[in-house]
Amino acid sequence: MDLFKQDLVSVAQSPLSHWLEVLPAQLSHWQTKQLHGEWAQWYSSVRQLPQLEPSQVSLADTVSVTNPQVSHGEQQRIAGLLQQLMPWRKGPFHLHGVTIDTEWRSDFKWQRVAPHVGDLSGQQVMDVGCGSGYHLWRMLEAGAEQVWGIDPGQLFVAQFLAVRHFMPSELAARVHLFPLGIDDLPPLARLDTVFSMGVLYHRRSPIDFLQQLHGLLKPGGRLVLETLVVEGDQQTVLVPGQTYGKMRNVWFIPSTEALLHWLQRCRFKNAQVVDESLTSVDEQRRTAWMEGQSLADFLDPNDHRKTIEGYPAPRRAVIIATA
Ligand SMILES: C[S@@+](CC[C@H](N)C(=O)[O-])C[C@H]1O[C@@H](n2cnc3c(N)ncnc32)[C@H](O)[C@@H]1O
């Protein structure tokens, strides 16, 4: 449990202290029964990262921590350890001379979302399905008091711990990532803002998922939902075949009209579509830090308006609603 000791202290001191009724037992179970076969290696790389004084920190588009005193040899060592945590999908990060050019320019997504979210000062904020936690740092930049991420992807958890390792302690103490899925969360009913970006279409029961997100928010709290959509009316939903853009775990892609309808059925109020855009091959692409296939391989090579299966190419919407 040592891994999450400080995070649990932060929970105890926050308005989410009732989470402690289930969280410590879940984390112990995770550490004894659910560890990925490669976790020990990933975590060993994190633990070998050198202790370095952060002299400059930026939580802007490239989340970065630097110190000009760090030697070339140390930079090489850090690069080698961070490469052990490949593939890096969500970023970019710059850590003591090492630029991690991730598969996704997650800063592009934040640029579409942030102007509509505004100031998060003093807020308890959660990001459900936060990946490596790139956006958690951006939420801190926007003023959040405490930022809580959950994601069941264990490589993402290791990447998050590597980034947080280099952060100044006063910032690190306000940003948390627990290796949980949405079904592990009780209805906390205290969050000011809950983000869930890129997760809804992976859920087999999207309505249950929206209700779970509702249950996390305090009355009047805000949901910021980002997901794949198709063009169409209130009754249009694409349920792909075995794959969508070569992804096997895509279940429901509604139109924005359908999504607004679902949100209303789940008791959200004032739901508004604040952005809708096509995903470009500049936003999701193969890099030196993610050497596998990426968006260009998932689209029809002769017509980028379609996926390789012939479905509409990825189009994403951002919707904000009130609980
Ligand atoms: C497409 S990624 C989106 C990551 C990030 N939110 C973003 O927008 O860049 C989907 C994420 O959902 C996570 N995920 C999968 N199942 C989940 C679940 N049951 N609860 C929460 N997150 C889940 C995955 O591990 C993955 O990190």
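Start at 1 and go down the list; that is how both ligands and their atoms are numbered.
Between His135 and ligand 1 there is a heavy-atom distance shorter than 4.0 Å. Ligand 1 has no atom lying under 4.0 Å from any heavy atom of Trp104.
The nearest protein atom to atom 3 (C) of ligand 1, hydrogens excluded, is given as Met197 O, 3.4 Å; this is a heavy-atom distance. Atom 25 (O) of ligand 1 has its closest protein heavy atom at Asp151 OD1, 2.6 Å. Among protein heavy atoms, the minimum distance from atom 8 (O) of ligand 1 is reached at Lys109 NZ, 2.6 Å. The protein non-hydrogen atom at the shortest distance from atom 1 (C) of ligand 1 is Gly198 O, 3.3 Å. Looking from atom 20 (N) of ligand 1 to the surrounding protein, the closest heavy atom is Ile182 N, 2.9 Å. For atom 12 (O) of ligand 1, the closest heavy atom belonging to the protein is Val199 CG2, 3.7 Å.
In this structure, a donor-acceptor pair under 3.5 Å is present between the side chains of Asp233 and Thr236. Checking Ser255 against Glu257 by side-chain atom types alone, no donor-acceptor pair falls below 3.5 Å. For the residue pair Thr99/Asp101, the side-chain donor-acceptor check at 3.5 Å is not satisfied. No donor-acceptor contact under 3.5 angstrom links the side chains of Ser10 and Gln6, judged on distance only. Residues Thr193 and Gln123 have side chains that bring a donor and an acceptor to within less than 3.5 angstrom of each other.
Using a 4.0 Å cut-off between heavy atoms, Tyr134 makes no contact with ligand 1 at all.
Considering backbone and side-chain N/O of Asp127, none are found under 3.5 Å from N/O of ligand 1. At a 3.5 angstrom cut-off on N or O pairs, Cys130 does not count as close to ligand 1. By the 3.5 Å distance cut-off applied to N or O atoms, Ile150 is not counted among the residues near ligand 1. Between Leu180 and ligand 1, not a single N/O pair is under 3.5 Å apart. Polar contact check, Tyr201 against ligand 1: no nitrogen or oxygen pair lies under 3.5 Å apart. Of the N or O atoms in Arg203, one or more lie within a sub-3.5 Å distance of an N or O in ligand 1.
Note that the CZ atom of Phe178 and the CG atom of Leu3 stand 10.0 Å from one another [nearest 0.5 Å]. If you take CE on Met86 and CH2 on Trp289, they are separated by 7.0 Å, rounding to the nearest 0.5 Å.
Near Gly131, meaning under 4.0 Å from any of its heavy atoms, are these atoms of ligand 1: 27 (O).
Aromatic rings from Phe209 and Trp251 are positioned such that their centres are separated by 6.0 Å or more. When ring centroids are compared, Phe166 and His96 come within the 6.0 Å threshold. Here Trp110 and Phe195 bring their ring centres to under 6.0 angstrom of each other.
For atom 17 (C) of ligand 1, the choice among Gly129, Pro152, Gly181 with the nearest heavy atom turns out to be Pro152.
The aromatic rings of Trp39 and Trp42 stand perpendicular to each other, their planes meeting at an angle above 60°, with 30° marking the opposite boundary.
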